[in-house]
Colleague: 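Dropping the structure in here first, questions after.
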Amino acid sequence: MRDSGESFMFWVLDYENKKWKPFYSPSIIHPNQIPLRFILKMSVNDKYEAVIGLEVHAQLATKSKLFCSDSITFGAAPNTHVSPITLGHPGTLPKTNRKAVEYAIKMGLTCNCEIERYNYFARKNYFYPDLPKGYQVSQHTTPICKGGTVIIKTEHGSRNIQLNRIHLEEDAGKSIHDLDDDFTYVDYNRAGTALIEIVTEPDLHNAEEAYQYIHEIRRLVRWINICDGNMEEGSLRCDANVSVRLKGETKLGTKAEVKNLNSMRNVKKAIEYEIERMIGIVEKGGTITQQTRSFDASNDTTFAIRDKEEANDYRYFAEPDLSPFQLTEDFIQSIQNDLPALPHELTQKYHTQLGLTEYDAAQLCLEKSISDYFETVIALTTNYKAVANWINGPIKQYLNEEKLSIEELSLHPSQLADLINLVEDGKVNFSVASSRILPVMLREKNKSALEIADELNLLQVSDSGELHAWIDDVINKMPDKVSEYKKGKKGLIGLFVGEVKKISKGKADPKIVTSLLEERLKK
């Protein structure tokens with residue numbers, strides 16, 4: 001049955017409460033076209049709640065590895081960024097990278113974590129075929145950052161995702177299985193690279209929340225400049241722990257861990273698949289097995305790698321070759337002082353103090369470089385809305401078309417401010433400025449907006465004599481439309497203004513033309 005002009009409503013069975021309940025489908029789909037299996041699936045899924053915890057590994061943008069001076073530059077020939085320390089030779093002594101510690105604290109402060117003052121590293125004894133030492137150096141009982149939150153925004157509004165910890169550890173190398181049918185190749189370049197692992201509480205409940213969380217983590221690590229966030233290069237990776245339970249239950253269900261998800265899309269698809277898989281098992285009376293799984297991007301499914309025990313015996317003990325380190329209050333405060341204003345703070349500022357819409361404010365804060373550019377321009381002009389319109393409109397369109405970042409934009413902020421002021425002073429209109437003047441400014445860096453407008457004969461005419469001549473020409477050509485306007489179709493004023501602009505080749509000031517037309521058409 002049709003419920004409104006925007007949706008269709010029909011009834012599905014709520015299994016949990018044993019009641020029928022309304023289900024709304026988009027108006028573009030008629031209920032009769034929706035398969036019954038889809039309706040039943042919606043009803044079954046409504047019985048359950050997914051519980052998701054994420055572990056994100058972020059490769060820190062240090063120049064060298066966590067415990068030695070080997071370079072971490074991406075793309076080098078295999079096994080060229082290695083040394084006796086990376087290769088785990090006996091008798092070698094590691095040394096902690098101070099910058100990595102600083103970056104970990106920086107992320108912790110960004111997420112409102114408690115910073116642990118006394119820290120030490122531990123050996124995690126676990127066989128890594130691509131970590132030469134045969135164990136990983138990590139933090140166990142003393143993560144450098146405890147607790148904290150990350151703000152995400154979904155269609156239901158904003159909410160805080162609770163963190164458990166952020167800790168430092170070294171990365172493993174890379175095993176390559178597809179170069180030879182009989183052998184696995186190992187590249188140790190990445191082994192020993194400094195990572196932070198950002199671990200949430202089991203505080204997410206659907207794939208969309210997970211997607212938004214990863215998106216926010218990537219934005220934050222880029223914003224504070226501690227990681228490039230390039231998931232395709234492996235500098236940001238995610239493991240997802242997924243379980244399901246009946247709604248209303250408090251006990252966690254048996255989880256599956258999906259390892260090494262290397263894109264936001266894969267995180268979302270893997271979680272969606274796991275939720276459906278688990279609900280299907282439970283609905284059929286089966287038992288979910290605790291497993292480690294991997295994601296197959298070719299068909300958006302996961303598959304088991306191994307069954308996982310309830311607990312792994314990593315036999316942690318303090319790393320004997322590394323001294324514990326104590327963080328001073330002055331060191332932590334100096335990092336706090338260097339933190340930039342964060343995205344959610346600037347979004348709020350732009351909306352409440354500068355009067356921008358929430359959408360415009362959010363778009364300006366997608367990347368720190370965009371926000372920095374905006375801040376520089378508004379120091380030169382107070383027309384904040386116009387600056388936002390230009391950056392979110394023509395500037396972003398140009399960058400997308402040319403596949404450039406805003407750091408590569410040849411238009412200096414002062415040039416954009418001059419162009420905006422030219423429009424605000426009524427010397428050119430926005431359309432002419434964006435389509436005619438801006439392209440020239442992007443090519444010829446030494447010319448001002450006014451010079452270009454003058455050279456191209458684009459400066460608007462405000463002389464009433466010339467404007468009246470153009471207006472008379474339009475009115476004489478459109479007597480039927482004039483008659484309709486006088487009979488009450490006031491919306492036709494836009495048509496007349498457009499025709500005057502066309503005749504004047506964009507040189508007629510639209511505000512003055514509108515005023516003169518309204519006066520002329522009263523007669």
Side-chain angles (χ1 to χ4, degrees), residues 56 58-63 72-74 99 102-103 106-107 109-111 150-153 196 212-233 235-236 263-264 335-351 353-354 356-420 434 438-439 441-443 445:
V56 176
Q59 180 178 306
L60 297 178
T62 54
K63 293 181 180 179
I72 66 163
T73 304
F74 180 80
K99 184 61 71 172
E102 178 185 325
Y103 284 173
K106 208 171 182 182
M107 188 62 180
L109 294 173
T110 297
C111 299
V150 172
I151 303 171
I152 66 167
K153 194 166 187 176
I196 52 172
Q212 295 299 334
Y213 173 82
I214 298 297
H215 187 278
E216 186 62 18
I217 288 292
R218 187 177 68 170
R219 177 167 69 156
L220 289 175
V221 296
R222 288 175 169 177
W223 194 276
I224 61 176
N225 201 29
I226 66 167
C227 173
D228 62 27
N230 290 332
M231 299 187 80
E232 64 277 6
E233 294 180 2
S235 54
L236 197 69
S263 77
M264 289 188 287
I335 297 171
Q336 178 77 70
N337 294 341
D338 286 341
L339 277 177
L342 296 175
H344 67 276
E345 297 169 342
L346 287 180
T347 301
Q348 182 71 9
K349 170 189 169 183
Y350 296 162
H351 177 51
Q353 295 182 28
L354 305 189
L356 302 184
T357 65
E358 288 186 17
Y359 175 81
D360 282 342
Q363 290 298 303
L364 292 169
C365 295
L366 289 177
E367 298 175 23
K368 187 173 185 297
S369 54
I370 296 174
S371 173
D372 287 345
Y373 191 89
F374 174 73
E375 291 277 347
T376 306
V377 179
I378 64 173
L380 303 169
T381 176
T382 57
N383 196 327
Y384 311 125
K385 177 62 177 173
V387 179
N389 288 344
W390 273 92
I391 293 176
N392 290 336
I395 299 297
K396 191 169 288 186
Q397 180 182 351
Y398 169 77
L399 295 175
N400 290 338
E401 289 172 352
E402 299 297 321
K403 296 181 172 57
L404 299 174
S405 67
I406 201 163
E407 295 101 324
E408 299 170 296
L409 182 66
S410 60
L411 187 71
H412 191 273
S414 62
Q415 290 179 290
L416 179 58
D418 287 343
L419 185 55
I420 289 170
S434 59
L438 177 61
M441 294 183 76
L442 291 167
R443 293 194 307 268
K445 303 176 185 178

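Excluded from the calculations below are hydrogen atoms, water molecules and symmetry mates; all remaining heavy atoms, backbone and side chain alike, are included. Residues take their numbers from the sequence shown, with the count starting at 1.
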Colleague: Taking all non-hydrogen atoms of both residues into account, name the closest pair between Arg222 and Asp228 and its distance.
Modeller: NE-O, 2.7 Å
Colleague: Show which side-chain atoms of residues 338-346 pair as donor or acceptor with protein atoms under 3.5 Å away, not counting sequence neighbours.
Modeller:
unit_1 : atom_1 : unit_2 : atom_2 : d
Glu345 : OE1    : Leu342 : N      : 2.8

Colleague: Hey, does Leu442 have a side-chain heavy atom less than 4.5 Å from the side chain of Leu438?
Modeller: yes
Colleague: Walk me through whether Ile224 and Leu109 qualify under side-chain contact (heavy atoms from CB on, under 4.5 Å).
Modeller: CA-CA 11 Å; Ile224 61 176; Leu109 294 173; over 6 Å; no
Colleague: May I ask you to decide if Ala362's main-chain N or O and Thr347's side chain share a donor-acceptor pair within less than 3.5 Å?
Modeller: no
Colleague: Determine the minimum heavy-atom distance between Ala361 and His351, stating which atoms define it.
Modeller: CB-N, 4.1 Å
Colleague: As an exercise, state the distance from CD of Gln348 to CD of Gln353, rounded to the nearest 0.5 Å.
Modeller: 8.5 Å
Colleague: Output yes when a side-chain donor or acceptor of Glu407 lies under 3.5 Å from a complementary backbone atom of Ser369, and no otherwise.
Modeller: no
Colleague: How far does CD1 of Ile395 sit from CG of Asn389, to the nearest 0.5 angstrom?
Modeller: 12.0 Å
Colleague: Is there a side-chain contact (heavy atoms from CB on, under 4.5 Å) between Lys385 and Asp360 once you walk through the steps?
Modeller: CA-CA 9 Å; Lys385 177 62 177 173; Asp360 282 342; 2.6 Å; yes
Colleague: How about Gln59 and Glu233: do any of their side-chain heavy atoms sit closer than 4.5 Å?
Modeller: no
Colleague: Hey, what do you get for OG1 (Thr62) to NZ (Lys99), rounding to the nearest 0.5 Å?
Modeller: 10.0 Å
Colleague: State the CG-CG distance between Leu404 and Leu409, to the nearest 0.5 angstrom.
Modeller: 8.0 Å
Colleague: Of all the heavy-atom pairs spanning Ile370 and Ile391, show the shortest one and how long it is.
Modeller: CG2-CG2, 4.0 Å
Colleague: Using a 4.5 Å cut-off on heavy atoms from C-beta on, say whether the side chain of Leu419 contacts that of Leu411.
Modeller: no
Colleague: For Tyr350, which of Tyr384, Tyr359, Phe374 qualifies under ring pair (Phe, Tyr, Trp, His ring centres under 6.0 Å)?
Modeller: Phe374
Colleague: Nearest 0.5 Å, what's the CD-CD distance between Gln397 and Glu402?
Modeller: 10.5 Å
Colleague: Check whether any side-chain N or O of Glu408 sits under 3.5 Å from a backbone N or O of Ser405 as a donor-acceptor pair, and report yes or no.
Modeller: yes
Colleague: Is a side-chain N or O of Lys106 found less than 3.5 angstrom from the main chain of Ile226, in a donor-acceptor match?
Modeller: no
Colleague: Which atom names give the shortest non-hydrogen contact between Leu380 and Ala417, and what distance separates them?
Modeller: CB-CB, 3.7 Å
Colleague: Just verifying a value: how many Å separate Met441 CE and Leu416 CG, rounded to the nearest 0.5 Å?
Modeller: 7.5 Å
Colleague: Any idea which heavy atoms bring Gln415 and Lys445 closest together, and the distance?
Modeller: NE2-O, 3.0 Å
Colleague: Of all heavy-atom pairs between Lys396 and Gln363, which one has the smallest distance, and what is that distance?
Modeller: NZ-OE1, 3.5 Å
Colleague: With sequence neighbours left out, write down each residue that passes ring pair (Phe, Tyr, Trp, His ring centres under 6.0 Å) with Trp390, or none if nothing qualifies.
Modeller: Phe430
Colleague: Take Glu375 and Leu364 through the test side-chain contact (heavy atoms from CB on, under 4.5 Å) and record every step on the way to the result.
Modeller: CA-CA 10 Å; Glu375 291 277 347; Leu364 292 169; over 6 Å; no
Colleague: More than 12 heavy atoms of other residues, nucleotides or ligands under 6.0 Å from NZ of Lys153: yes or no?
Modeller: no
Colleague: Strictly by modelled atom types, are Glu216 and Gln212 linked by a side-chain donor-acceptor pair under 3.5 Å?
Modeller: no
Colleague: Is the backbone of Asn230 close enough, under 3.5 Å, to the side chain of Ser235 for a donor and an acceptor to pair up by distance?
Modeller: yes
Colleague: Please step through side-chain contact (heavy atoms from CB on, under 4.5 Å) for the pair Asn225 and Lys368, ending with a clear verdict.
Modeller: CA-CA 9 Å; Asn225 201 29; Lys368 187 173 185 297; over 6 Å; no
